[in-house]
2 protein chains.
Amino acid sequence: MAERDLEATERQRSGHSANVDCASDAETRASAMTGDEADLGAIDDIIGFHIRLAHGATYRHFTETFSELGLTQKMVSVLWLIDDHPHIAQADIGRRLQMDRATTMAIINRLEARSLLVRGASTLDRRRQTLTLTATGHEALIEARRCIDEHEQWVRSRFTKREATLLIELLRRIHE
Amino acid sequence: MAERDLEATERQRSGHSANVDCASDAETRASAMTGDEADLGAIDDIIGFHIRLAHGATYRHFTETFSELGLTQKMVSVLWLIDDHPHIAQADIGRRLQMDRATTMAIINRLEARSLLVRGASTLDRRRQTLTLTATGHEALIEARRCIDEHEQWVRSRFTKREATLLIELLRRIHE
DNA sequence: CAGATTTGTATGCTATGCTTACGAAATCGG
DNA sequence: CCGATTTCGTAAGCATAGCATACAAATCTG
């Protein structure tokens, strides 16, 4: 399904004859020094860098798992949140998921366009609009939860229960 | 600089009089049950969810730190990598940073447009193009490293040295 | 040599996220 | 109670990022 260059495991370039045309040693090194794992140099010690890679890997697997459902991480999070808190307002969702108001709206729009939720007027605050899942939305969420379980299993397979808890704990310190 | 709704701390809605117009209890609950921290319900146990939030928080702080330099995480990573491995090829960069070839090119293009690097023909493999930092690019990287230190400090401030090492270790298991 | 693979490239689509701006509604301070 | 401030939803525009697909040239493999 995905060409994804990334899958390609690093094949080691076989030793090159030393007297080609005498390309700069640097160039030789640059392409030859790929052992089992890519040498990342000093960025390897930057936490943010690893977060980004881990996020990318997680995102990729998520997308794959959800390709049939056609839902993204954000969409599922929003559906989930609305299900947990019926009649929640956009602003609340944004706050909880740490998204901009505009970004939140974009997602809600897409969700609404697919009839997974409905906007309704709030009786408490007429600035607000209460968001509620439709039957379809509820079904989609149930389906999504199944996929999430599978996805979460993929992530957790590399950790003990203790490690998983610890990881969440550490990550929470960053975003909370 | 940033309006960012996210900054807004959750102010608790003062208790509502019980006999307004009798809005559904659900709606009341949805907006009222925001204590000190947003209640996220069950998604709170999903590792991927926390990775995403942590990534978002990190990304935001990074962007802020680099707003003057006008560089993104990806750009810096690429510059850094080229500096560590002069004459590296695009494909290698993509593999190491786990990016698509097309995505990699987009970034290289932007970097080249800003004269931070130059593409040159490879003497070893004429399909490849060796990438090298310009003087400007090198300066930018030096400047960037200063910002990264600051950024990394922001992240690390919430961890002990041991925890930081552990966190990287755990994250590595996900993306490696 | 012929076929498969790799590399760089171009094009186009989608999702995300931010900014700025606006109007309507609510809240706050006097 | 009224004016100032804030919140909420919305809209339009811009940049980044990521993916798929397709091509041509170069290289590798059998």
Side-chain angles (χ1 to χ4, degrees), chain A residues 1-6 8 10-11 13-14 16 31 52 55-57 59-60 62-64 66-67 70-75 77-78 88-95 97-112 119-131, chain B residues 1-8 10-11 13-14 16 31 52 55-57 59-60 62-64 66-67 70-75 77-78 88-95 97-113 119-131:
Chain A
M1 170 157 300
E3 203 202 309
R4 303 306 301 16
D5 295 335
L6 315 185
E10 202 79 353
R11 328 146 196 60
R13 229 160 291 289
S14 51
H16 58 292
S31 43
R52 194 148 47 72
H55 173 253
Y59 184 76
R60 252 170 264 135
F62 186 101
T63 306
E64 203 173 315
F66 278 76
S67 60
L71 293 175
T72 66
Q73 287 187 324
K74 291 281 168 192
M75 289 182 185
S77 302
V78 170
I88 193 175
Q90 278 185 205
D92 276 328
I93 292 181
R95 264 192 294 275
L97 300 183
Q98 306 191 13
M99 298 186 299
D100 193 75
R101 257 181 309 155
T103 305
T104 306
M105 201 192 57
I107 295 173
I108 301 281
N109 281 345
R110 246 173 297 141
L111 252 20
E112 190 190 30
R119 293 187 220 236
S122 165
T123 23
L124 287 178
D125 183 338
R126 272 184 300 169
R127 287 172 306 182
R128 297 178 156 231
Q129 293 202 331
T130 70
L131 301 172
Chain B
M1 169 157 295
E3 201 203 309
R4 306 300 316 354
D5 296 334
L6 316 185
E7 313 306 338
E10 202 80 353
R11 329 146 197 58
R13 231 162 288 291
S14 53
H16 58 292
S31 43
R52 193 148 47 73
H55 172 254
Y59 184 76
R60 252 171 263 135
F62 187 101
T63 306
E64 203 174 315
F66 278 76
S67 61
L71 293 175
T72 65
Q73 287 186 324
K74 292 281 167 189
M75 290 182 182
S77 301
V78 170
I88 194 175
Q90 276 185 203
D92 276 329
I93 292 180
R95 266 192 292 274
L97 300 183
Q98 309 191 11
M99 298 185 299
D100 194 76
R101 256 181 312 156
T103 305
T104 305
M105 201 194 55
I107 295 174
I108 302 280
N109 282 346
R110 246 174 297 143
L111 252 20
E112 191 189 29
R119 292 186 221 237
S122 166
T123 23
L124 287 179
D125 183 337
R126 273 184 298 171
R127 287 171 307 183
R128 296 177 156 234
Q129 293 202 331
T130 71
L131 300 172

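From a predicted model like this one, the values you see are computed outputs, not experimental measurements. Lettering of chains follows the sequences in order, A, B, ..., and the numbering in each one begins at 1.
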*Round to the nearest Å and state the distance from B/Asn109 atom CG to C/dG8 atom P.*
12 Å
_Looking at D/dT10, I'd like to know if its phosphate oxygens (OP1 or OP2) sit under 4.0 Å from a side-chain N or O belonging to A/Gln129._
yes
*Between B/Phe66 (CZ) and C/dC18 (P), how many Å, whole number?*
18 Å
*CE/B/Met99 to CD1/B/Ile108 distance, rounded to the nearest 0.5 angstrom?*
7.0 Å
*Would one find a side-chain N or O of B/Arg52 under 4.0 angstrom from OP1 or OP2 of C/dT16?*
no
*Please state how far atom CG in A/Leu97 lies from atom C1' in C/dG17, giving the value in whole angstrom units.*
14 Å
*Length of the line joining B/Asp100:CG and C/dC13:C1', which is rounded to integer Å*: 14 Å
*Do the non-hydrogen side-chain atoms of A/Leu131 and A/Glu112 ever get within less than 4.5 Å of each other?*
no
*Would you check, one step at a time, whether the test side-chain contact (heavy atoms from CB on, under 4.5 Å) holds for A/Ile93 with A/Ile107?*
CA-CA 11 Å; A/Ile93 292 181; A/Ile107 295 173; over 6 Å; no
*Atom-to-atom span, CD of B/Glu64 to P of C/dG17 - whole angstrom*: 17 Å
*Name the residue closer to the 5' end of DNA chain D, choosing between A/Arg119 and A/Gly56 according to the nucleotide with the nearest heavy atom.*
A/Arg119
_Can you measure B/Met99 atom CE to C/dT7 atom C1' for me and round it to whole angstrom units?_
15 Å
Under 3.5 Å, which N/O atoms of the protein pair with N/O atoms of nucleotides 15-17 of chain D?
from	atom 1	to	atom 2	distance (Å)
D/dA17	OP1	B/Thr72	OG1	3.2
D/dA17	OP2	B/Thr72	OG1	3.4
D/dA17	OP2	B/Arg110	NH1	3.2

_side-chain hydrogen bond (donor to acceptor under 3.5 Å, both in side chains) partners of B/Gln129, counting only residues at least two apart_ = none
*Do you know which of A/Arg128, A/Arg119, A/Arg95 makes side chain to side chain donor-acceptor pair (under 3.5 Å) with A/Gln90?*
A/Arg119
*asked:* Side chains of A/Ser77 and B/Arg52 only: does a donor on one sit below 3.5 Å from an acceptor on the other?
replied: yes
Can you pull every protein N or O that's under 3.5 Å from an N or O on nucleotides 23-28 of chain D?
from	atom 1	to	atom 2	distance (Å)
D/dT27	OP1	B/Arg126	N	3.1

*Kindly indicate whether the side chain of A/Arg110, heavy atoms from C-beta on, has any atom under 4.5 Å from the side chain of A/Lys74.*
no
_Spacing of B/Ile108 atom CD1 relative to C/dT9 atom P, expressed in whole Å_ = 9 Å
*Atom CE of B/Met105 and atom CG of B/Asp100: how far apart are they, to the nearest 0.5 Å?*
10.0 Å
*Could you give the distance from CD (A/Gln98) to OG1 (A/Thr104), rounded to the nearest 0.5 Å?*
11.0 Å
*asked:* What is the distance, to the nearest angstrom, from the CD1 atom on A/Ile88 to the C1' atom on D/dT7?
replied: 16 Å
